[in-house]
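Keep in mind that this is a model prediction, so the values were computed, not measured.
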Amino acid sequence: MASLSLQHVYKKFEGGVVAVSDFNLEIADKEFVILVGPSGCGKSTTLRMIAGLEDVTEGEVYIDNRLVNDVLPKDRDIAMVFQNYALYPHMTVFDNMAFGLKIRKVPKDEIKRRVNEAAKILEIEHLLNRKPKALSGGQRQRVALGRAIVRDPKVFLMDEPLSNLDAKLRVQMRVEITKLHQRLQTTIIYVTHDQTEAMTMGTRIVVMKDGFIQQVDSPSELYQNPVNTFVAGFIGMPPMNFINAIVQVEGNDVYISFENFSIKLPERYSVPEVIEQDGKEVIFGVRPEAITDETTYVGNHPDTSFTADVDVVEMLGAETYLYVTVSGSLPLTARVDPTTSVSRVGEVVDLAIDANRVHIFDKDTEQSIIS
């Protein structure tokens, strides 16, 4: 396996379009790194530059400490898995998996050994004599993975490999790819626009927007300590609530005021970065799961409670989403326990915020002040 290094990498297309700007990332051997972001953020372009399918305009790409800017894709010792599987329809599963090895003139016995070994890992041994048209979407994706595995490459590159699968199968394949990484102990770089895939699979996540890296961190750090409103809103489902609010400092106490309510923040927010915002407007971030309608909690936390009108109730079995309006104009989303007593639109509900789980962002820069 191998490490990767991308140093000050840019990709500029004709017409002056800059798809990737000053991309810097160090990927250790055996890491599972996810590139995530909305469509057009530059994640797939970055992956294609690593693969050699796109030229690097500026900067340097190293694979296993070897500069590969001018190295052909076939000589980079990488394997790529695409979202459309890219299987040859006239070949059997065995021949699809073996094709790359045959081109490299690997001995037949070695080809057979590698293909059978990969098929066993992916549990597709019974499919080796079938052709792609006789396979389900999940089976085709396993074949595409198997074709990459038999190469025994230094790096696996995966470009939204699960996007063509239905929701249930995507969940299953997420688990399978994670188990595959643990079993093979290989370096994987995986591109997706699905933040759920990113949070559940990656050891580190690279969040991108408009060609720039926004934050590189573990899933838990991205969720708990987003550096700006974009990361905060992109990671987590339902998305974080953002409220235009005013900071008010009274002695050693810090309050956040919005609409007709004032929320007292815990002592840890009484730090210079927040106190300096006294009287200023900030962006107050609250995740839906940090808002509760649980009666005992609301009663015990009058400093963080408020009332709201219920607009929509979504019961999802394991949880319930409440879409509410505060003071007739501020929409908020709360993710509450499925045993909630709220069931009707138009109800007035008492809610409380877990003030230990809120975020404060600068109004102008949208960067985190404290989280």
Under the ring pair (Phe, Tyr, Trp, His ring centres under 6.0 Å) rule, collect the residues that match up with F99, sequence neighbours excluded.
Y88

Looking at side-chain heavy atoms only, is the closest gap between [X] and [Y] below 4.5 Å?
X: S327; Y: F261; answer: yes
X: Y269; Y: I275; answer: no
X: V206; Y: I34; answer: no
X: H359; Y: F361; answer: yes
X: Q141; Y: M173; answer: yes
X: R66; Y: R76; answer: no
X: V298; Y: L351; answer: no
X: R335; Y: P238; answer: yes

Taking atom [atom1] of [X] and atom [atom2] of [Y], what is their separation to the nearest 0.5 Å?
X: L122; Y: M97; atom1: CG; atom2: CE; result: 6.5 Å
X: Q248; Y: Y255; atom1: CD; atom2: OH; result: 9.5 Å
X: R183; Y: I121; atom1: CZ; atom2: CD1; result: 4.5 Å
X: R113; Y: L101; atom1: CZ; atom2: CG; result: 10.0 Å
X: S44; Y: L53; atom1: OG; atom2: CG; result: 11.0 Å
X: I189; Y: D159; atom1: CD1; atom2: CG; result: 12.0 Å

If you link ILVMFWY side chains whenever their heavy atoms are less than 4.5 Å apart, which other residues fall into the same cluster as V345? By chain and number, please.
none

Between the side chains of [X] and [Y], is a donor N or O closer than 3.5 angstrom to an acceptor N or O?
X: D293; Y: T340; result: yes
X: N244; Y: K363; result: yes
X: D29; Y: S3; result: no
X: Q7; Y: Y62; result: no
X: T307; Y: D350; result: no
X: T192; Y: E160; result: no
X: D337; Y: T339; result: yes

Side-chain ion pair, E125 and K120, N-O less than 4.0 Å:
no

Taking only Lys NZ, Arg NE, NH1 and NH2, and the carboxylate oxygens of Asp or Glu, determine whether E176 and K179 approach each other closer than 4.0 Å.
yes

Do [X] side-chain atoms and [Y] backbone N/O form a donor-acceptor pair below 3.5 Å?
X: D309; Y: V348; answer: no
X: E110; Y: P107; answer: no
X: N69; Y: G59; answer: yes

Once you measure the plane-to-plane angle for Y190 and F32, does it fall in the parallel (<30°), tilted (30-60°) or perpendicular (>60°) bin?
tilted

Ignoring hydrogens, what is the shortest heavy-atom contact between P226 and S368? Give both atom names and the distance.
O-CB, 3.5 Å

Minimal heavy-atom distance between F242 and G285, with the atoms involved, is CD2-CA, 4.3 Å

Given L145, L180, I149, the one that forms side-chain contact (heavy atoms from CB on, under 4.5 Å) with F156:
I149

Considering residues, nucleotides and ligands other than E123, do more than 12 of their heavy atoms fall under 6.0 Å from its CD?
no

Please check if atom NZ in K102 has more than 12 non-hydrogen atoms from other residues, nucleotides or ligands closer than 6.0 Å.
yes

Any side-chain hydrogen bond (donor to acceptor under 3.5 Å, both in side chains) involving residues 199-216? Give me the pairs, sequence neighbours left out, ordered by first then second residue.
E31-R204, R174-T200, Q214-N228, Q215-D217

Suppose the criterion is side-chain hydrogen bond (donor to acceptor under 3.5 Å, both in side chains): which pairs have a residue in residues 274-287, not counting sequence neighbours?
none

Taking Y321 as the starting point, is it possible to reach V326 by hopping between hydrophobic residues whose side chains are less than 4.5 Å apart?
no

Tell me whether V171 shares a hydrophobic cluster with M201, the cluster being built from Ile, Leu, Val, Met, Phe, Trp, Tyr side chains joined at under 4.5 Å.
no

I213 and N24: CA distance, side-chain angles, deciding distance, side chain to side chain contact (heavy atoms under 4.5 Å, CB included) verdict
CA-CA 8 Å; I213 293 177; N24 291 278; 5.5 Å; no

Side chain to side chain contact (heavy atoms under 4.5 Å, CB included) involving Y297 - partner list, sequence neighbours excluded
T292, E294, H301, A352, D354

Taking side chain to side chain contact (heavy atoms under 4.5 Å, CB included) as the test, write out the residues that go with N300, two or more places apart.
T296

D362 vs V282, side chain to side chain contact (heavy atoms under 4.5 Å, CB included): CA-CA, chis, key distance, verdict
CA-CA 5 Å; D362 184 275; V282 296; over 6 Å; no

List the steps, then state whether side chain to side chain donor-acceptor pair (under 3.5 Å) holds for T92 with N129.
CA-CA 5 Å; T92 64; N129 292 322; 5.6 Å; no

Show your reasoning for whether salt bridge (charged side-chain N to carboxylate O under 4.0 Å, His left out) applies to K12 and E58.
CA-CA 9 Å; K12 302 175 184 177; E58 295 179 35; 2.9 Å; yes

